[in-house]
Amino acid sequence: MTTTIVRLPIQPNQLCDRCPATAKVRATFLSGELHFCGHHAKNLKDSLMLKALEVYDPEALFNLESHVTM
């Protein structure tokens with residue numbers, strides 16, 4: 001059996017988990033997902049790179065090479 005992973009886009013009404021701005025980046029962890037606006041995603045870039053299983057950054061806010069799924 002083959003497993004297919006479908007990555008859904010960030011919904012337009014999805015808000016940042018740190019402020020009321022629109023989410024631009026989704027970080028997936030073992031415990032779940034967090035969404036961040038561009039400002040918070042850029043501020044947390046280093047931490048996200050170390051801890052997230054996957055970072056979905058469709059607008060390439062921080063040009064990640066090996067960690068981004070678009």
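Everything numeric here is computed off the predicted structure, so don't read it as measured data. These numbers come from the heavy atoms of this one structure, side chains and all, not from hydrogens, waters or symmetry mates. In what follows, residues are counted from 1 in the order of the sequence shown.
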One should read off an interatomic distance between Leu44 CG and His39 NE2, to the nearest 0.5 angstrom, of 8.5 Å

Tell me, please, which residues at least two apart from Asp17 pass side-chain hydrogen bond (donor to acceptor under 3.5 Å, both in side chains). none

Which distance, rounded to the nearest 0.5 Å, do you find between the CG of Leu15 and the CG of Asn13? 7.5 Å

So which atom in Leu61 and which in Lys24 form the shortest heavy-atom distance, rounded to 0.1 Å? CD1-CB, 3.5 Å

Rounded to the nearest 0.5 angstrom, the NZ-CG distance for Lys45 and Asp57 is 9.5 Å

Using every non-hydrogen atom in the two residues, find where Ile10 and Pro58 come nearest and quote the distance to one decimal. CD1-CD, 4.5 Å

Distance-only donor-acceptor pairs under 3.5 Å for side chains of residues 27-38, two or more places apart:
none

